[in-house]
Amino acid sequence: MEAIIRTGDGGPEVLQLGEVPPPQPTETQLLVDVHATALNRADTIQRRGGYPPPPGESEILGLEIAGTVSAMGSAVDGVTTGDRVFGLVGGGGYAAQAVIDYRMAMPIPDEWSFEQAAAVPEVFFTANENIFTLGELSADETILIHAGGSGVGSAGVQISHHAGAKVFVTAGTSEKIERCKALGAVEGINYKTTDFTTEVKRLTDGAGIDVVLDFIGAPYLERNLSILKTQGRLLQVGLIGGSTAEINLGVVMRNRLKIIGSVMRPQSIAEKIAITQRFGERWLPKLKRGTLQPVIDTIFPLAEARQAHEYMEANRNFGKILLKVK
Ligand SMILES: NC(=O)c1ccc[n+]([C@@H]2O[C@H](COP(=O)([O-])OP(=O)(O)OC[C@H]3O[C@@H](n4cnc5c(N)ncnc54)[C@H](OP(=O)(O)O)[C@@H]3O)[C@@H](O)[C@H]2O)c1
C-alpha cells in the first residue's frame, strides 16, 4: 500500500511517499481504507526521532483516521464491511490502510466528509480530557488557552465556551485572535506584543484565571502559575518552548494550585476507549448538530505530507491541517 515513509530523522524532507506492506488487524481491530488523516504537532516531533509509537503500534506517522472498513478481526462486534468510521490510532494514519480497535472507531455522521471526521479525534479528545476530565472547568469559571489558533486550541475554545466558561486566548497574530473570538473567546492576547500576565490581570480586574491550558511549557510555567486563582489548575499538554524550568513552590502551596500533565498516545487501549466514550457522550452530538465544528485550515494530498509539515512548522494554520489519502 502507499504510505508516507521516513527516510531518517530530520526535517520535513525526510517524508516521502512509498510502498509498505498493509497492516494486519488483530482480533479486535478493523482494517480501514483511509480516506483522510490529519497532522498533529506531535507528528513533527516523531519525524525528528522523538515521541515514539507505543509498543505494537505502526511506525508510520498519523494519529487519527477517517475511512471505510475493509476487513476485521474475529472478535469485532457491531461493525460491517463498508461502514464509514473515524477515530484515534496509535500510529499509521499517513497510509492507504490503517488498523483501529473497533471500540475506538466511531460511525461518521452521514452528512460529514471524511476530511471533517479526520479533523475531530485528537484535538477534541485532548481538549475534553484536559479541560473537563482533569481540569474540572465549570460554567462559572475562566480559562486561558495558549496557542488558541492551534488545532487543540480551536477545539478547546469551542467546548469551553459551550460549557459556559469565560475563555481567554493567546495567539501570535491579530487574525488568529479574531478567529478565536468568532469561536467563543471573550478576549485574545497577542503574546508577541503584550505580556499575557499583565493583560490577564487587567482583563480579570486582578482576579486571575481558574484553568490554564498550556502547550508552551518551560518559558510560560512561572507566569502561568502567577495568574492562577486560589485552587487554580494548570494543564500541561505540550512543551513547544522547552521542558525544564525552575519555579517557586511556595506559590503552588500558598494558592493550593494543581499542575496536571498528560499525554494521550501512551495510554492503554482501555483508557483510550474510555476517552472516546466520554467525548462521544458529551461532544459528538453537538458536532453532529453543527453547534460545534472542527476547524479545517488546509487539505493537502497525502503525497504532499512534506509541504503540510512545513506549513505547520511555520505556524501558518488556524485549526487542523488534513491529508487527503483517497
Ligand atoms: N498531551 C497530549 O495528549 C496532546 C495531544 C495533542 C496535542 N498536544 C500538544 O498540543 C499542542 C498543540 O498541538 P496542535 O497539533 O493543535 O498544534 P498546531 O496546530 O501546530 O498549533 C501550534 C501553534 O502554537 C503556536 N506556537 C508555536 N510556537 C510557539 C511558541 N514558541 N510560543 C507560543 N506559541 C507558539 C503557533 O501559533 P501562533 O501563531 O499563535 O504562535 C502554532 O500555530 C502541541 O504542543 C501538541 O504537542 C498534546
Side-chain angles (χ1 to χ4, degrees), residues 12 37-48 50-51 53-54 61-64 88-91 93 118-131 133-135 144-158 168-181 183 185 188-196 212-221 223-224 234-243 259-267 271-272 275-276 279 294-298 308-323:
T37 184
L39 266 69
N40 286 286
R41 200 80 179 186
D43 301 349
T44 65
I45 305 171
Q46 188 180 343
R47 193 200 66 219
R48 282 185 244 115
Y51 206 55
L61 302 186
L63 298 173
E64 52 203 334
L88 195 70
V89 290
V120 169
E122 179 78 12
V123 295
F124 277 91
F125 289 12
T126 302
N128 183 46
E129 283 307 302
N130 285 284
I131 295 170
T133 309
L134 299 172
L144 173 67
I145 300 180
H146 287 299
S150 63
V152 178
S154 66
V157 169
Q158 290 186 75
F168 300 91
V169 295
T170 63
T173 69
S174 49
E175 191 205 335
K176 286 189 182 183
I177 288 170
E178 288 314 308
R179 295 190 65 183
C180 287
K181 285 185 180 171
L183 294 178
I189 303 161
N190 185 332
Y191 70 87
K192 290 185 176 162
T193 58
T194 313
D195 173 50
F196 73 83
V212 174
L213 182 67
D214 182 63
F215 317 113
I216 311 308
Y220 277 11
L221 180 58
R223 283 184 276 168
N224 282 335
L234 168 63
L235 284 317
Q236 197 64 58
V237 293
L239 299 167
I240 290 176
S243 58
I259 304 173
I260 306 168
S262 83
V263 184
M264 185 90 70
R265 192 179 202 184
Q267 295 194 39
E271 285 164 327
K272 288 181 186 170
I275 287 169
T276 305
F279 160 80
V295 180
I296 297 176
D297 181 290
T298 309
H309 273 235
E310 285 167 355
Y311 186 81
M312 174 173 264
E313 289 185 300
N315 298 331
R316 289 173 63 190
N317 58 300
F318 183 91
K320 294 290 292 185
I321 301 167
L322 276 287
L323 295 176

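Counting starts at 1 for both ligands and their atoms, following the listed order.
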With heavy-atom distances below 4.0 Å as the criterion, list the atoms of ligand 1 near Met264. 2 (C), 3 (O)
Which of the ligand 1 atoms, numbered from 1, are nearer than 4.0 Å to a heavy atom of Gly238: 45 (O)
If you have a sec, work out which protein heavy atom is nearest atom 6 (C) of ligand 1 and how many Å separate them, to one decimal? Glu122 OE2, 3.2 Å
Test side chain to side chain contact (heavy atoms under 4.5 Å, CB included), reference Val152, set Ile131, Asn40, Thr126, Val157, output is Thr126
Using a strict 4.0 Å cut-off to heavy atoms of Ala171, name the atoms of ligand 1 that fall inside it. 40 (O)
Closest non-hydrogen protein atom to atom 25 (C) of ligand 1, residue and atom name please, with distance? Ala147 CB, 3.9 Å
So, for Ile260 and Leu134, which heavy atoms are closest and what is the spacing to 0.1 Å? CD1-O, 3.5 Å
Quick one: do the Asn190 and Thr173 side chains pair a donor with an acceptor below 3.5 Å? no
Output the list of atoms in ligand 1 that are nearer than 4.0 Å to some heavy atom of Lys176, sorted by atom number. 37 (O), 38 (P), 39 (O), 40 (O), 43 (O)
Protein heavy-atom partner closest to atom 29 (C) of ligand 1 - residue, atom, separation in Å: Ile240 CG2, 3.7 Å
Might you work through the ring-ring contact (aromatic ring centres under 6.0 Å, His included) test for Tyr191 and His146, ending with a clear yes or no? CA-CA 9 Å; Tyr191 70 87; His146 287 299; 8.4 Å; no
So for Ser262, does at least one of its heavy atoms come nearer than 4.0 angstrom to any atom of ligand 1? yes
Could you establish whether Val263 and ligand 1 come within less than 4.0 Å of each other, counting only heavy atoms on the residue side? yes
Considering Arg316, Gln267, Arg41, which one's heavy-atom position lies nearest to atom 14 (P) of ligand 1? Arg41
With a cut-off of 4.0 Å, which atoms of ligand 1 are near a heavy atom of Val237? 1 (N), 2 (C), 4 (C), 8 (N), 9 (C), 48 (C)
Ser243 and Ala218: which non-hydrogen atoms are nearest, and at how many Å? N-CB, 4.0 Å
If the test is salt bridge (charged side-chain N to carboxylate O under 4.0 Å, His left out), which one of Lys272, Arg265, Lys320 qualifies with Glu64? Lys320
One finds that the ligand 1 atoms under 4.0 Å from a non-hydrogen atom of Asn40 are 15 (O)
Note the single closest protein heavy atom to atom 41 (O) of ligand 1, along with its residue, its atom name and the distance in Å. Tyr191 OH, 2.4 Å
Go through ligand 1 atom by atom and flag the ones less than 4.0 Å from a non-hydrogen atom of Ile216. 32 (N), 33 (C), 34 (N), 35 (C)
Identity of the nearest option to atom 7 (C) of ligand 1, non-hydrogen atoms only, from Leu239, Val152, Asn315, Asp297: Val152
May I ask you to say whether Arg47 pairs ionically with Glu313, meaning some side-chain N is under 4.0 Å from a carboxylate O? yes
Residues Met312, Thr44; criterion side-chain contact (heavy atoms from CB on, under 4.5 Å); working and verdict: CA-CA 9 Å; Met312 174 173 264; Thr44 65; 4.1 Å; yes
Nearest heavy atom to atom 18 (P) of ligand 1 wins, so pick from Ser150, Gly261, Ala155. Ser150
Criterion side chain to side chain donor-acceptor pair (under 3.5 Å) on Asp214 and Gln236, from CA distance to verdict: CA-CA 5 Å; Asp214 182 63; Gln236 197 64 58; 2.7 Å; yes
A side-chain contact here means heavy atoms from C-beta on lying under 4.5 Å apart; do Thr37 and Leu322 qualify? no
Say whether Thr173, considering both its backbone and side-chain N or O atoms, lies within less than 3.5 Å of an N or O atom on ligand 1. no
Starting from atom 40 (O) of ligand 1, find the nearest protein heavy-atom neighbour and note its residue, name and distance. Gly172 N, 2.7 Å
Just so I know, are the side chains of Asn317 and Thr298 near enough to count as touching, which here means a heavy-atom distance under 4.5 Å? no
Going by the atom numbers of ligand 1, which of them fall below 4.0 Å from some non-hydrogen atom of Thr126? 4 (C), 5 (C), 6 (C)
With rounding to the nearest 0.5 Å, note down the distance linking CZ in Arg41 to CG in Asn315. 5.0 Å
Considering non-hydrogen atoms of the protein only, which is the closest contact for atom 11 (C) of ligand 1, and what is the distance? Phe215 CD2, 3.3 Å
